[in-house]
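Keep in mind that the numbers below use all heavy atoms, side chains included, and drop hydrogens, waters and symmetry copies. All ligand and atom numbering here is 1-based and tracks the order in the structure.
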Amino acid sequence: MGADASKVKQLIDKKGSGELDYKLASALVNNLPKKLSAAGKKLLESIPQGKPVTVEAIFKAFEGVKVDIRNVSAAIKKSEASSGPKLDFTADEVKKSAEIEAMAERPKGRPTPEQAAALKKQKGAKSVFYQAVRQRLKLEKKEWSDKKIQKSIDAFKKSLEEGKDVKKAAIILEPPSGTRDFYPREYAVQRWLFSKMRSVGVAFGFQEYDAPVLEHAELYKRKAGEEITQQMYNFIDKEGAEVTLRPEMTPTLARMVLRQMDEAGEIRDLLPLKWFSIPQCWRFETTQRGRKREHYQWNMDIVGIKGVAAELELLAAITTFFKSLGITSKDVGIKINSRKVLGAIVQAAGVPKDMFAPVCVIIDKLDKIGPECVTAELLEKQVPKESASMILKAMECKSIQQLADLCEGKVDMGAVEELKSLFNDAKSYGFSDFLIFDASVVRGLAYYTGIVFECFDRRGELRAICGGGRYDRLMSLYGSQKEVPCVGFGFGDCVIVELLKELKLMPKVLHDTRRQVDFVVAPFNSALFGPACSVAGLLREGGFTVDMLQEPQKKVAKAFSYADRAGAKRIVLVAPSEWENKSVTVKDLRVEGLSAHDKAKNKGEIIPLTELVDRMKKDMS
Ligand code: HAM
């Protein structure tokens, strides 16, 4: 190759590894002048795709051919540019980009109106797609134009197709849409919130229970035409059973209670059952603020009490919970209504009892579809026109008295009386400031039969905070011979956190969720790792929290820096000379204002192992 050989070698072998990436080698070869390119291609044919190409082999291929170094330099520049900017795309992005490409093809001549429309649609899809890619990869538009991203995707796709790039399409790092990762910081918030829920449950004498997140889909399907059945994460398992991730807990509770029923229809456990749980629930919903596809839902339910005393107890639990978080009746309210009033109207009109649940599901859509559509759907269910209009009128009532006047003489007034007594008793309980009568609250779940309620944010910015009510016929729907009175609520974990943030009520302690331990035990070398483990064990048995330095550090400053990051109060150094006398060195790290370096200089105290735990208990109490 002549005198320039070493220069060319350097130029090609920039990394000095003696090898070239196959992709770069092939781009380089393609950009060389004809003669060289032919020789290079021959060489590449003899090398398996994707394998690196040695610089030596390239030289051999060019042997006897005159090389102009400027040509090689230009070819290198060109090949590096043609490999394009490197980004890692996900498999979904690669697929989406191909789908968009397939939407339209630019014709050679003037596009027909159909082609023009398809191209326009494709342009829109591209712009949305590029923006999403920029967002995910946190790229600035001014640096990453649509064109540049497309070029990068093309290069990425090509390398995947050719299998030349060993890199695989990157996995998506975000959790599935609408679901959440709980990093330690978020998990600390979650645990804190759950502990508040648990405390209230226990304070009210409820027992905690749990069940599998996988449930029989039939439990939800048997209810009448609710939206929730459309939102299920259901599938047929490998034995052919139709199962679902539970969208709510109430049917599971009913199933569990029914399992406790004997042949005579008596529940074997002591009634009333007062149970609480904090299950994760799954609903395929459109995600928005405070609404996810998975959420945790604190449930409290009472089984076996017919009267509103049970509702009162649950409302008291909810308001106690609010107060424990610092939320007052100025921030939130609880809308109360009774389905029994609507039931009485429907029953007086002669509509069969089993039509009541589907009728309520229709009425609950009033906000979404308006009174005309609700009336039309009620007529379809054989509800007479006058009853339909009375239901709608009842939903407009602004007070219990107005409702009483409307129903007077037309239906059984028991339901109205029940509402009145609930509001009166709430005064004695001391939480009536939270309650508001709202005749438009019906709730979307089919099983409610009596009082229903929903907590809301008084500024009207957030979705429902909590919801519940009486469901006396759910057990019968599942096969119980007897009606079993039940009432309960579900309180989600998403909206409440949004509200706490807005009201600046998140406890300060959660802002600092760094690790904290009493001790870090640091072995001086690997020979002392075993002894260090025994020291850690000793301290843990003594009731202390201990983190072990897994990689022994001769440099004490490094051990101190680790202990600092671990949030340790003290460091225990296990070093050869002290260990010979069965002792360790303990240094207090909570001396104000010392850097890791200064802390390392601080001599500490040598303590015999036999005294270590007692001494530390005394010092740290
Ligand atoms: P629910 O109204 O469907 O009732 O849900 C209760 C609460 O769970 C809602 O108020 C909300 O806080 C939360 N929630 C529901 N769906 C979502 C979601 N997609 N994302 C975030 N939070 C959500 C029930 O589920 C009834 N089983 C409650 C009950 C228990 N009734 C009697 N006992």
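Aromatic ring pairs are classed by plane angle as parallel below 30°, tilted from 30° to 60° and perpendicular above 60°; the pair W275 and Y209 is tilted. Ring planes of F182 and Y296: perpendicular class, angle over 60° (limits at 30 and 60°).
Protein heavy atom nearest atom 7 (C) of ligand 1, with residue, atom name and distance: G490 O, 3.4 Å. Nearest non-hydrogen protein atom to atom 27 (N) of ligand 1 is E248 OE1, 2.5 Å. Here the protein heavy atom with the shortest distance to atom 1 (P) of ligand 1 is R443 NH2, 3.5 Å. What sits closest to atom 20 (N) of ligand 1 on the protein, heavy atoms only, is K292 N, 3.0 Å. Remark: minimum distance from atom 8 (O) of ligand 1 to any protein heavy atom is reached at Q297 NE2, 3.0 Å. Nearest non-hydrogen protein atom to atom 12 (O) of ligand 1 is I465 O, 2.9 Å. Taking atom 21 (C) of ligand 1 as the reference point, the nearest protein heavy-atom neighbour is G290 O, 3.2 Å. The protein atom (non-hydrogen) at minimum distance from atom 33 (N) of ligand 1 is D301 OD2, 2.9 Å.
Using a non-hydrogen distance threshold of 4.0 Å, M249 does not register as a contact of ligand 1. Taking 4.0 Å as the cut-off, C486 does not count as a neighbour of ligand 1 on heavy-atom distance. At a 4.0 Å cut-off, at least one heavy atom of N299 sits close enough to ligand 1 to count as contact. In this structure, F456 falls outside the shell of residues with a heavy atom less than 4.0 angstrom from ligand 1.
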Run R293 and E285 through salt bridge (Lys or Arg N to Asp or Glu O under 4.0 Å) and show every step you take. CA-CA 6 Å; R293 290 191 175 158; E285 285 195 47; over 6 Å; no
Stepwise ring pair (Phe, Tyr, Trp, His ring centres under 6.0 Å) check, F453 with F437: CA-CA 9 Å; F453 51 87; F437 168 71; over 10 Å; no
K96 and E93: CA distance, side-chain angles, deciding distance, salt bridge (Lys or Arg N to Asp or Glu O under 4.0 Å) verdict: CA-CA 5 Å; K96 181 88 192 159; E93 283 163 348; over 6 Å; no
Derivation of the ring pair (Phe, Tyr, Trp, His ring centres under 6.0 Å) call for W298 and F194: CA-CA 8 Å; W298 172 39; F194 288 3; 10.0 Å; no
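Every residue two or more places apart in sequence or in another chain that forms a side chain to side chain donor-acceptor pair (under 3.5 Å) with S97 is listed here: K157. For E483, the side chain to side chain donor-acceptor pair (under 3.5 Å) test picks out no residue, with sequence neighbours left out.
Heavy-atom contacts of C494 reach the following atoms of ligand 1: 21 (C) (cutoff under 4.0 Å). Close approach to C466 involves these atoms of ligand 1, each under 4.0 Å from a residue heavy atom: 10 (O). Proximity to A464 (heavy-atom distance under 4.0 Å) selects the following atoms of ligand 1: 10 (O), 11 (C), 12 (O). Those atoms of ligand 1 with a heavy atom of G467 less than 4.0 angstrom away are 10 (O), 28 (C). Close approach to T250 involves these atoms of ligand 1, each under 4.0 Å from a residue heavy atom: 26 (C), 27 (N), 29 (C), 30 (C), 31 (N), 32 (C), 33 (N).
Atom NZ of K306 is surrounded by 12 or fewer heavy atoms from other residues, nucleotides or ligands within 6.0 Å.
The shortest N or O to N or O distance between L445 and ligand 1 is not under 3.5 Å. Taking distance alone, with nitrogen or oxygen atoms compared against 3.5 Å, Y471 stays at or beyond that limit from ligand 1.
Counting only distance, with no hydrogens or angles, the side chain of E226 and the backbone of A446 share a donor-acceptor pair below 3.5 Å.
Among F129, F156, Y130, the one residue that satisfies the ring pair (Phe, Tyr, Trp, His ring centres under 6.0 Å) test with F89 is F156.
Residue R291 touches ligand 1 through backbone and side chain together, judged by heavy-atom distances below 4.0 Å. With a heavy-atom cut-off of 4.0 Å, Y447 touches ligand 1 through its side chain alone.
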